[in-house]
Amino acid sequence: MNKLLEMRNITKWYGDHLANDRVDFDLAAGEVHALVGENGAGKTTLMKILYGMERATSGEIAIRGEVVRIHSPADAIRHGIGMVHQHFMLFPPFTVAENVVAGREPSRQGWFDRRRAEADVRDLCRRYRLELDPRRRVADCPVGIRQRVEIAKVLYRGADIIVLDEPTAVLTPLEVRDLLATVRHLAEQGKGIVIITHKLHEVMEVADRVTAMRQGRVTGRLLARDTNVEELSRLMVGRELASVVRPPARPGPVVLAADSLFLLGEGGKPKLNHVSLAVHRGEIVGIAGVSGNGQSELLRALTGDLPVDGGRISLLGRDITHLSVRERRLAGMAYIPEDRQHTGSAGVESVRDNAILGHHRRPEFQRCGWLRGRRIDREVESWVRRFGVRTPSLQAPAHSLSGGNLQKLVFARELAAGAPLLIAAEPTRGVDVGAMEFIHSELVKYRNEGGAVLLVSSDLNEVLALSDRILVMYDGAFTGELSPEEADEERVSLLMVGGVRSG
Amino acid sequence: MQMWLNASLFTSTVQMMAPLLLAALGGALCARVGLFNVALEGLMLMGAFFGVAGDHFTGSPWLGVLWAVVVSAAFSLILAFLTLHWRANEIVVGIALNFLALALTTFLLRSVLGATGAFYDPAMRGLPIWTLAGLQRVPVLGWLFGYTPLVYLAFAAAVAMHLFLFRTVPGFRFRAVGINPEAAASVGIRPARAQYVAVVVSGVLCGLAGAQLSVGDLTMFSQGMTAGRGFIALVAMMLGRSNPLGVILASALFGLTDAIGIRLQGFMPTQFALMVPYVVTVIAMFFFRDKYLRPLASRG
Amino acid sequence: MADQRLKRALEALLHPLAAIVLGLAVGALAIWAVGGSVADTYTQMWNGAFGSAYFAGETLTRAIPVALAGLGVAVAFRSGFFNLGGEGQMVLGAMATALTALYLPGPGWLKLLAGLFAGAAAGALWSWFAGWLEVRFGIQLVISTLLFNYIADLFASYLAGGPFKDQTGQGALNQTPMIEPSARLPKLSATSDLHAGLFVVLAAVVAVWLWFRFTALGYELRMYGSNRAFGQYGGLRESRMMAWAMAVSGVLAGLAGAVMVLGFQYRFIDNSLTDPQYAWVGLMAALLANANPFGVAVASLLFAALQTGGMGVELNTNVPMQISSIIQYVVVLLVSVKVGHWWVRRRRRQTQA
């Protein structure tokens, strides 16, 4: 078999963390090879090594049978490797054509030949069936188009090996279909394509071969037609996921109500278009949707980070529309933010200090403005124990905790006050399986004890598994409300792209 | 009041704005590659000192300018090295360099030129004034002529920088680095290289700015003679959105307030007249709502 | 636990010490370059700073305004704000103190206390104003505080040279009349200028430390300074954080000016606070100490010693006193590398996790 790429025995240490453990990987021309695994399994590290963004501790890479050294993206590009990053590497103020040619600009005596750039990009798009307007500013392009720009960039550099890192994470199902068609088309033209993903249905649809990774090691290498989603998930996770045990909900009175929230975005298009919802005592309301359809804005509006242009929010019957973040917290709102590192904690501060923000003004923690250190220590100690946060000490800096432990700490902090409402955004993003199961069971326990939960997650399975009611958000509005019985992946997906509008 | 609006006001505006423009262009180039260069003041001061020192020791103001450019470019390398190579906070380094420049120039003023406070050598010649065949006597437009070559160079540099940034491939790459260094690196552009070049060019421009102050406008060096012009240049750069042509307008505004300030000295206490440029700068920042520099400035 | 903490403390000290040694090495190079004797110069520097009770007293005296201004910077820095306006706040504080002590009727002790209060208040207001401009109008603090220094200096210079100028004595100097002896801070030593401002510094160091460590507001500022997004998520408002951080920062800078007037000069003298760069040296001390209040005090003493030592060098050798400033800023540049490094490490950890 004609091997386009071979990575042999790749090992990568980050300090004392082993990210890749003697990994082998290969790719043939005309093949789509999926690399699957959970977050932190080492997929992205492996591809970063291939693209010269990281250096392997040991191991070698061969392109068309020849061992090469790749020490920078420039080296990788020279060897015909192209990468479409999960976080797009684009220059929003520049046009599509400028973005595509950046780094390899056509020029005449040093002057940037923009006309030729546009012509080249037009040709390229025709050849690979990509629909792009070279003169449009990337800042004005939707996500699906931006990704197409990324693919065009890679093709423009003449890449034969194309790596797509989680390409579907931000796309709508319709855009995903377009993308997969493009991928097949490119493979037919003789390109070798690596797709990094953890979405197994897509893998089954498009890949020829699949390599599964777990904790830095390859756990399986299979032909796609010989395997199935169940087998792959076992290889990825290492065991069957415990499903969440959930007694039927017994909703009580309304805790949180939002009435016709309206928020104007840039260019006059509403970010939130008359959004209404209610969360009752003892239920979990899940919001599903492709990220970027207004969920972040809704969260920020509800938590007081962003003032709305219209509508009303009430908590336990009290109007909180114009209250500050602090006042809303005091009124009984707890909030687990999307990004625990950036907003949920202060890395250099101690675990203890991270645990009390928002509570520090409670009378048991301060008297006349002086913190009551011993009380705080005792209380935080008990939270840490109850939530099983593994930390060397209360004085250890928060950044020394692993992702799952930090998230548990955030959970402990938010649930400690006994707030009647918990807003949980992406509660298990990037945490290990153990922490995920723990967090899920805590959420259900909180709800069983009469708590009201608003769950926002881009992981549809999580929403489906936990919610008592599911709201689907699309383009700044809810396109439907479903009970867990009627909600299946297909129906929700349709609503996620605005397929049907009800309610 | 009439005496305010005569041609000599324009003349002194152009004279006042030239060093600001040169330094602000240096700052703008740095901003375009994502660096907030607070060290303009110190770089200018180094330029001013070595301009005079070079003039004094070689007897040629041109060699003075050369000294100024070389030394402040070398000095700017410290900034580049510490912030790019060692990832030091650019504001901290900038401020420290400004004071290091003040200390160093004063130290050298005393130990090498043997003067306290100020150095003046009657034998020293300043830069020539290019009258361009007496064009400065042309009515109405006469104020456009009759400056040192560095003044013309300042305007030429602005135009050149504009062409460079928006018409050439390297300029395009510079802007790419400033917008998203990670993305630039991913397509094989080396952000650090662009940033080094930008910092050194800003050193060269600040060297010219300082030389214009010390061997152009005057023929002397006095301790701390830049007096905050580097900071005003910084604001001119922000006001002009790091756009070379915008920077010309912003520098002209500050040149004009400087010129007016000097004229006001007869009408009000000197201190208030001297305050004018700083107050105008703060007011100008009211109109500068663009927040693109904020993340830069509040980093670290 | 205990020796872990000790180890961390030693690590924290190692870097500034290395920077100081390297700074002295660069200074030696500069001395050698201008033809001075390195050993002799450094001996003179040591003698000038600590050679006798008198010199040690002078060093301590000089450290007083530096430490207060440095604490001011440290307070803002810890809270996530860069206050570069210490000089202006100090000068306005000094002027307010002088005018209060001169023109407030009443007994000396009242003038003294009111003078201190007025100095602190003037510094706080000027500093708060810059903060307010950023919160309200988005005017960048880094630039506004810098420019405010010039405005404050010129305004104080106008007052000292115009309406409040001392008409007796040498007319050339822009200065206010002398404050009566009963309103002055007492001297602590018969031989040097050391005055009771030292106690103000010690009180301020302890107060800042207690404030950040044990009060709810200090805790809020610390969290806000470590991670602004986290603070806002926790319900801390920028306007309130900024107001407190800048006001307290200004209080300390204003006090620096106040004790200089009440304990050292007994009047406001134009340029007497700006020429020695007390506020800027304080800023550098805050950076060297990474905003730790006790560290600021030690760093201030170190930099003050460099400066008074520089005067010894000036008197007894051919090397100009600016050698001290050169060493000082080289040290700061070397320390800045660590601040940056720490930041990069933190970022890397965040992107990896």
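Naming: A, B, ... by sequence-line order, numbering from 1 per chain. What you are looking at is a predicted structure, and each value in this text was computed from that prediction instead of being measured.
- Taking 4.5 Å as the heavy-atom cut-off, none of the residues of residues 68-77 of chain B approach chain A.
- If you measure heavy-atom distances from B:Phe166 to chain A, the contacts under 4.5 Å come from the backbone alone.
- When the heavy atoms of residues 66-80 of chain A are compared with those of chain B, the residues falling under 4.5 Å are A:Pro73, A:Ala74, A:Ile77, listed by number.
- Heavy atoms of A:Phe91 lying under 4.5 Å from chain B belong to its backbone as well as its side chain.
- Listed by chain and residue number, nothing satisfies the ring pair (Phe, Tyr, Trp, His ring centres under 6.0 Å) test with B:Phe254 (two or more places apart in sequence, or in another chain).
- With respect to chain B, the highest number of heavy-atom pairs below 4.5 Å among A:Gln109, A:Met83, A:Glu98 belongs to A:Glu98.
- Atom NZ of A:Lys48 is surrounded by 12 or fewer heavy atoms from other residues, nucleotides or ligands within 6.0 Å.
- Summarising the local packing, CZ of A:Arg146 is surrounded by more than 12 heavy atoms from other residues, nucleotides or ligands at distances under 6.0 Å.
- Chosen from A:His85, A:Arg104, A:Glu105, the residue pairing most often with chain B at heavy-atom distances under 4.5 Å is A:Glu105.
- Listed by sequence position, B:Arg167, B:Thr168, B:Val169, B:Pro170, B:Phe172, B:Arg173, B:Arg175, B:Ala176, B:Ile179, B:Asn180, B:Glu182, B:Ala183, B:Ala184, B:Ala185, B:Ser186, B:Val187, B:Gly188 are the residues of residues 167-188 of chain B in contact with chain A, using a 4.5 angstrom heavy-atom cutoff.
- Among the candidates A:Gly103, A:Pro106, A:Gly110, the residue making the largest number of heavy-atom pairs closer than 4.5 Å to chain B is A:Gly103.
- When each of A:Lys153, A:Arg108, A:Arg157 is scored by its heavy-atom pairs under 4.5 Å with chain B, the top score falls to A:Arg157.
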